Amino acid sequence: MARSPVPGSVVVPNWHESAEGKEYLACILRKNRRRVFGLLERPVLPPPVSIDTASYKIFVSGKSGVGKTALVAKLAGLEVPVVHHETTGIQTTVVFWPAKLQASGRVVMFRFEFWDCGESALKKFDHMLPACMENTDAFLFLFSFTDRASFEDLPGQLTRIAGEAPGVVRMVIGSKFDQYMHTDVPERDLIAFRQAWELPLLRVKSVPGRRLADGHTLDGRAGLADVAHVLNGLAEQLWHQDQVAAGLLPNPPESAPE
């Protein structure tokens with residue numbers, strides 16, 4: 001895969017907070033609630049607005065219980081399960097995210113199709129993993145700050161994927177960051193991991209999303225603000241990878257992990 005771009009060099013980081021950005025976000029919100037999109041649905045923009053869509057398939061990988069399903073729910077603006085239940089099969093979720101490109105100033109609608117599969121199902125059914133990996137554009141590797149073993153499992157996962165899908169974007173996400181006071185993964189280990197693998201490493205919280213005035217409905221705008229760094233990070237990595245693959249950007253040699 002191409003070397004990771006410098007954060008903020010491909011898409012404008014806080015554009016979603018601008019007046020222009022909020023106009024585009026309105027198409028994925030309805031009365032401050034997130035809109036839920038099926039596999040064949042897409043946001044409806046005002047007639048004068050023309051925008052290209054870039055679609056990507058993303059496989060979410062990690063040990064059971066690290067928060068894969070919870071992460072996808074937060075990214076999609078859905079309720080995060082209170083009690084952990086392992087995903088019994090393959091679950092797909094579509095998330096749209098508009099972002100503004102730094103180089104051209106053009107706005108692109110990114111369509112992320114997240115594939116999540118329970119660890120037990122992957123081990124039990126041989127066809128599950130090939131289905132998840134087929135035509136995948138990116139892998140999200142999750143570990144939990146409260147589960148040391150999930151962090152130590154990352155190098156093995158990354159090595160396997162590097163051999164089976166060498167040209168695919170790889171990102172690492174640490175879940176349950178709000179429980180950092182009880183972490184099993186200290187900062188020095190994160191620094192060493194980043195230096196060895198040179199991969200983007202993001203952190204997400206597992207706290208319940210903020211609510212609207214009724215006290216029950218999830219606040220769509222607040223939820224987007226909480227996960228914007230992840231969605232922008234994905235958009236940046238994937239768009240950069242496409243530009244390199246098309247020969248529009250140079251691809252510096254990738255250094256091997258020590």
Side-chain angles (χ1 to χ4, degrees), residues 1-16 54-62 66 68 71-72 75 95 97-106 108-115 132-133 135-143 145 150-175 177 185 187-204 226-258:
M1 60 170 281
R3 180 167 296 184
S4 299
V6 176
S9 63
V10 178
V11 302
V12 181
N14 296 316
W15 174 77
H16 61 281
S55 298
Y56 299 99
K57 177 183 176 181
I58 301 162
F59 177 41
V60 185
S61 175
V66 296
K68 299 186 294 293
L71 170 68
V72 175
L75 296 178
V95 175
W97 177 248
K100 189 170 188 175
L101 304 178
Q102 288 277 22
S104 64
R106 185 160 58 99
V108 174
M109 182 65 74
F110 288 87
R111 180 189 181 275
F112 302 128
E113 187 175 310
F114 293 96
W115 285 53
C132 290
M133 292 185 61
N135 299 322
T136 293
D137 300 295
F139 287 85
L140 286 186
F141 296 94
L142 262 68
F143 73 92
F145 277 100
S150 68
F151 178 74
E152 294 177 344
D153 192 50
L154 287 176
Q157 292 188 54
L158 289 164
T159 301
R160 286 194 298 273
I161 295 303
E164 297 174 10
V168 174
V169 166
R170 293 170 290 163
M171 291 178 61
V172 177
I173 295 183
S175 66
F177 182 60
V185 186
E187 186 65 27
R188 64 177 180 275
D189 290 348
L190 298 177
I191 294 172
F193 178 88
R194 280 196 295 261
Q195 291 174 342
W197 289 92
E198 297 184 338
L199 294 176
L201 194 159
L202 304 177
R203 312 170 197 219
V204 295
D226 290 340
V227 298
H229 67 296
V230 177
L231 296 172
N232 271 335
L234 275 170
E236 198 152 51
Q237 296 291 325
L238 288 162
W239 188 262
H240 177 78
Q241 179 85 338
D242 280 356
Q243 297 298 291
V244 170
L248 301 175
L249 290 174
N251 184 14
E254 183 180 5
S255 58
E258 299 177 356

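Keep in mind that what you see is a predicted model, and the values were worked out from it rather than measured.
Of the possible donor and acceptor atoms, none in the side chain of Lys68 sits under 3.5 Å from a partner among the backbone N and O of Leu142. Not a single donor-acceptor pair under 3.5 Å links the side chain of His240 to the backbone N or O of Val6. Formation of a donor-acceptor pair under 3.5 Å by the Gln102 side chain with backbone atoms of Gly8 is found in this model. Of the possible polar contacts, one joining the Glu236 side chain to the Ser9 backbone as a donor-acceptor pair under 3.5 Å is found.
Atom-to-atom distance recorded for Met133:CE and Ser61:OG is 9.0 Å, nearest 0.5 angstrom. Summarising the geometry, atom CZ belonging to Phe193 is positioned 5.0 Å from atom CG belonging to Leu154; distances are rounded to the nearest 0.5 Å. Atom CG of Leu231 is separated from atom CZ of Phe112 by 6.0 Å, given to the nearest 0.5 angstrom. For the atom pair CG (Leu199) and CE (Met171), the distance works out to 9.5 Å, reported to the nearest 0.5 Å.
Ring-plane geometry between Phe59 and Phe139 is classed as perpendicular, the angle between the planes exceeding 60 degrees on a 0 to 90 degree scale with a lower cut at 30. Between Phe145 and Phe177, the ring planes lie tilted relative to each other; the angle falls in the 30° to 60° range.
Shortest non-hydrogen contact noted between Val168 and Gln241 is N-NE2, 4.3 Å. The two residues Pro13 and Asn232 make their nearest non-hydrogen contact at O-ND2, 2.9 Å. The two residues Trp15 and Pro98 come nearest to each other via the heavy atoms CZ3-O, 3.5 Å. Taking both residues in full, the closest heavy atoms of Ile173 and Val230 are given as CD1-CG1, 3.9 Å, listed atom of the first, atom of the second, then distance. Of all the heavy atoms in Gln237 and Pro200, the pair that sits closest is NE2-CG, 3.3 Å. Val11 and Ala235 make their closest contact through CG1-CB, 4.5 Å (heavy atoms, listed as atom of the first residue, atom of the second, distance).
Here the side chains of Ser55 and Glu113 are not in contact, with every heavy-atom distance at 4.5 Å or above. Proximity of Trp197 to Leu158: side-chain heavy atoms (C-beta onward) are separated by under 4.5 Å at one or more points. You'll find the side chain of Val227 stays beyond 4.5 Å of the side chain of Trp97, heavy atoms only. Under the 4.5 Å side-chain criterion, counting only non-hydrogen atoms from C-beta, Phe141 is in contact with Ile161.
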* Asked: Run the side chain to side chain contact (heavy atoms under 4.5 Å, CB included) check on Arg203 and Leu190 step by step: do they pass?
  -> CA-CA 11 Å; Arg203 312 170 197 219; Leu190 298 177; 3.8 Å; yes
* To do: Go through the steps to decide whether Phe110 and Leu234 satisfy the test side chain to side chain contact (heavy atoms under 4.5 Å, CB included), and finish with yes or no.
  => CA-CA 9 Å; Phe110 288 87; Leu234 275 170; over 6 Å; no
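Residues forming a side chain to side chain donor-acceptor pair (under 3.5 Å) with Asp137 (at least two apart in sequence, or on another chain): none. Under the side-chain contact (heavy atoms from CB on, under 4.5 Å) criterion, Ser150 pairs with Lys63, Val66, Phe143, Ser144, Asp147, not counting sequence neighbours.
Under a 4.0 Å N-O distance rule, the pair Arg170/Glu164 does not qualify as a salt bridge.
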